[in-house]
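Worksheet: one structure, shown below.
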Amino acid sequence: MTVQAFTGTYGINYGRIADNIPSPDEVVSLLKAAKIKNVRIYDADHNVLKAFSGTGLELEVGLPNGFLKETSASEEHAMNWVKENVQAFLPETHICGIAIGNEVLGGGDLELWGALLGAAKNIYKAVKSLNLDGVVQITTAHSQAVFSNSFPPSSCIFRENVVQYMRPLLEFLAEIGSPFCLNAYPFLAYMSDPENIDINYALFESTKGIIDPKTDLHYDNMLDAQIDAAYAALADAGYQKMEVIVTETGWASRGDENEAAATVSNAKIFNYNLRKRLAKKKGTPYRPRNVLKAYVFATFNENLKQGPTSERNFGLFKADGSISYDVGFHGLKSSSSDSSYLSLKSFRARGLLANHIFSLTFSAVTLLLLLR
């Protein structure tokens with residue numbers, strides 16, 4: 001039996017590179033109110049793991065890139081990491097997956113390329129020896145930088161300098177029944193070539209789309225095309241049956257002068273349409289039977305992230321817990337986009353208080369009737 005780290009079709013990344021976002025306990029209330037069950041974090045912070053205890057939320061933790069070399073070099077280190085950051089919190093905290101690094105292959109640190117597979121194998125060996133391999137799935141997420149010739153989708157292959165690292169990694173993932181995890185951003189693709197890409201195609205809006213001349217398949221949105229490009233590369237490498245899961249996708253609501261597409265309007269349209277797309281529980285044109293699953297990036301705007309302004313403005317929620325824009329969720333507090341105050345704890349408290357007042361009133365009336 002293969003462990004499934006993702007139930008349903010919609011999840012969210014809970015990044016915390018910020019000094020002004022709500023506490024983990026408040027984030028739990030926020031996610032439960034939004035009915036978002038699948039959550040990814042990029043480390044294994046114990047405050048977060050404790051806050052998620054007993055909540056029923058499904059959590060994927062991360063082994064950060066900075067730990068890959070020592071984890072690859074030492075089985076003992078891998079075992080200690082799993083014991084301290086995973087086993088110690090199970091089963092109360094539903095840790096269902098461990099992501100080994102993030103966007104390693106295709107990145108700038110070639111030493112990490114060589115350490116990735118060893119780290120993944122050592123973490124899996126530790127998980128298996130602790131009898132957690134039926135509970136915790138091992139994955140690693142890739143950026144579009146691992147691909148070559150991604151348009152049209154059917155022409156996509158893995159980059160020549162990546163293949164020697166990717167092939168043994170795919171072999172290992174196939175052996176343990178894990179999916180191929182992809183960080184796919186129509187926002188970034190559109191920004192790289194706005195003159196030749198229809199923004200409606202990137203936003204899931206009405207458009208003529210594209211037709212892949214090799215497969216004759218029609219694509220009405222860019223995300224489906226990006227995912228099928230990954231499926232094509234996997235097929236070319238000999239892994240036609242491996243599932244692709246989107247571990248990051250999103251749209252920035254604010255950017256620098258050269259990031260004109262990063263607007264509140266576009267972010268709202270993309271994320272609203274993404275929810276609709278995932279709710280259909282459909283596959284892609286090339287893999288119609290593989291229901292699309294995606295984690296949106298991200299929960300909050302993260303004010304300490306480096307890079308262009310857009311990097312700090314991918315959040316569905318602002319730092320104060322109010323919504324960035326309305327896609328059907330509610331914030332921890334009211335904002336110009338959300339007039340309701342929906343802190344789950346406050347809501348429950350108000351409900352309990354109302355019931356208590358009703359009980360007291362009913363008891364008083366009963367007592368008066370008996371005394372008459």
Side-chain angles (χ1 to χ4, degrees), residues 6 8-11 105-106 139 141-160 162-163 166-167 170 173-174 178-251 261 266 269-297:
F6 197 134
T9 61
Y10 189 92
L105 300 185
T139 60
H142 304 284
S143 74
Q144 300 273 0
V146 301
F147 300 129
S148 180
N149 306 324
S150 58
F151 183 83
S154 61
S155 69
C156 188
I157 57 174
F158 289 110
R159 270 175 46 191
E160 190 175 345
V162 168
V163 168
M166 184 64 78
R167 282 190 182 277
L170 293 176
L173 293 175
S178 290
F180 183 88
C181 292
L182 176 67
N183 295 345
Y185 285 90
F187 169 74
L188 296 178
Y190 173 77
M191 290 286 292
S192 70
D193 192 13
E195 307 243 332
N196 295 305
I197 297 175
D198 179 1
I199 194 168
N200 289 324
Y201 179 63
L203 293 172
F204 301 95
E205 290 287 85
S206 179
T207 175
K208 67 178 182 180
I210 66 155
I211 293 178
D212 188 315
K214 181 179 176 182
T215 60
D216 206 32
L217 293 172
H218 176 255
Y219 291 88
D220 60 10
N221 72 84
M222 186 184 289
L223 185 63
D224 279 5
Q226 290 178 323
I227 295 163
D228 277 355
Y231 275 124
L234 287 169
D236 179 72
Y239 294 91
Q240 294 92 335
K241 294 183 180 180
M242 187 171 286
E243 180 185 15
V244 174
I245 289 179
V246 177
T247 34
E248 287 183 19
T249 191
W251 198 285
N266 286 341
I269 292 168
F270 178 86
N271 280 291
Y272 179 76
N273 287 338
L274 174 66
R275 285 191 71 196
K276 286 203 305 181
R277 166 69 181 84
L278 295 173
K280 292 177 181 178
K281 298 183 178 180
K282 287 173 46 182
T284 59
Y286 189 53
R287 288 286 186 267
R289 294 183 181 180
N290 290 3
V291 174
L292 176 58
K293 303 174 181 179
Y295 292 90
V296 67
F297 188 87

N/O donor-acceptor pairs under 3.5 Å from side chains in residues 150-157, not counting sequence neighbours:
unit_1: Ser154; atom_1: OG; unit_2: Asp212; atom_2: OD1; d: 2.8
unit_1: Ser154; atom_1: OG; unit_2: Asp212; atom_2: OD2; d: 2.9
unit_1: Ser155; atom_1: OG; unit_2: Asn149; atom_2: O; d: 2.8
unit_1: Ser155; atom_1: OG; unit_2: Phe151; atom_2: O; d: 3.4
unit_1: Ser155; atom_1: OG; unit_2: Pro152; atom_2: O; d: 2.7

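A 4.5 Å side-chain heavy-atom check between Val244 and Asn290 finds every atom pair outside the cut-off. When side chains are defined from C-beta on, Val146 does not count as touching Arg159, because their heavy atoms never get closer than 4.5 Å. Counting only heavy atoms from C-beta outward, the side chains of Pro179 and Leu173 never approach each other to under 4.5 Å. Between Asn183 and Thr249 there is no side-chain heavy-atom pair separated by less than 4.5 Å. Residues Val296 and Leu274 meet the side-chain proximity criterion, which asks for heavy atoms closer than 4.5 Å. Counting only heavy atoms from C-beta outward, the side chains of Phe147 and Val162 never approach each other to under 4.5 Å. At least one side-chain heavy atom of Met222 sits less than 4.5 Å from a side-chain heavy atom of Ile197. Proximity of Thr9 to Leu292: side-chain heavy atoms (C-beta onward) are nowhere separated by under 4.5 Å.
Between Cys181 and Thr139, the shortest heavy-atom distance links the atoms SG-CB, 3.7 Å. Nearest heavy atom pair, residue Pro186 against residue Gln226, reads CD-OE1, 3.4 Å. Nearest approach of Gly209 to His218, heavy atoms of both residues: CA-NE2, 4.1 Å. The shortest heavy-atom contact between Ala261 and Phe187 is C-CE1, 4.3 Å. When all heavy atoms are compared, the tightest approach of Met242 to Ala174 is CE-N, 3.7 Å. Between Ala230 and Leu182, the shortest heavy-atom contact is CB-CD2, 4.0 Å.
Note that the CZ atom of Arg287 and the CG atom of Leu234 stand 8.5 Å from one another [nearest 0.5 Å]. Atom-to-atom distance recorded for Asn221:CG and Asp198:CG is 12.0 Å, nearest 0.5 angstrom. In this structure, OG in Ser143 is found 10.0 Å from CG in Leu188, a value given to the nearest 0.5 Å. Rounding to the nearest 0.5 Å gives a distance of 9.5 Å between CD1 of Ile210 and CG of Leu217.
Of the N and O atoms on the side chains of Asp228 and Tyr219, at least one donor lies less than 3.5 Å from an acceptor on the other residue. Side chain to side chain, Tyr295 and Glu248 fail the donor-acceptor criterion of an N or O pair below 3.5 Å.
Ring pair Phe204/Phe270 is tilted by interplanar angle, where 30° to 60° counts as tilted. The aromatic rings of Phe180 and Phe158 are tilted relative to each other, their planes meeting at an angle between 30° and 60°.
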side-chain contact (heavy atoms from CB on, under 4.5 Å) for Met166 and Leu105? Distances and angles first, verdict last. CA-CA 8 Å; Met166 184 64 78; Leu105 300 185; 3.8 Å; yes
Please lay out, stage by stage, how Tyr190 and Leu203 fare under the test side-chain contact (heavy atoms from CB on, under 4.5 Å). CA-CA 10 Å; Tyr190 173 77; Leu203 293 172; over 6 Å; no
side-chain contact (heavy atoms from CB on, under 4.5 Å) between Val246 and Lys293, intermediate numbers included: CA-CA 6 Å; Val246 177; Lys293 303 174 181 179; over 6 Å; no
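Listed by chain and residue number, Asp224 satisfy the salt bridge (charged side-chain N to carboxylate O under 4.0 Å, His left out) test with Arg277 (two or more places apart in sequence, or in another chain).
Without hydrogens or angle criteria, Asn273 side chain to Ile269 main chain gives a donor-acceptor distance under 3.5 Å.
By the neighbour-count criterion of 12 heavy atoms within 6.0 Å, atom CG of Asp193 is densely surrounded, having more than that number from other residues, nucleotides or ligands. Remark: Tyr272 OH is loosely packed, at most 12 non-hydrogen atoms of other residues, nucleotides or ligands lying under 6.0 Å away.
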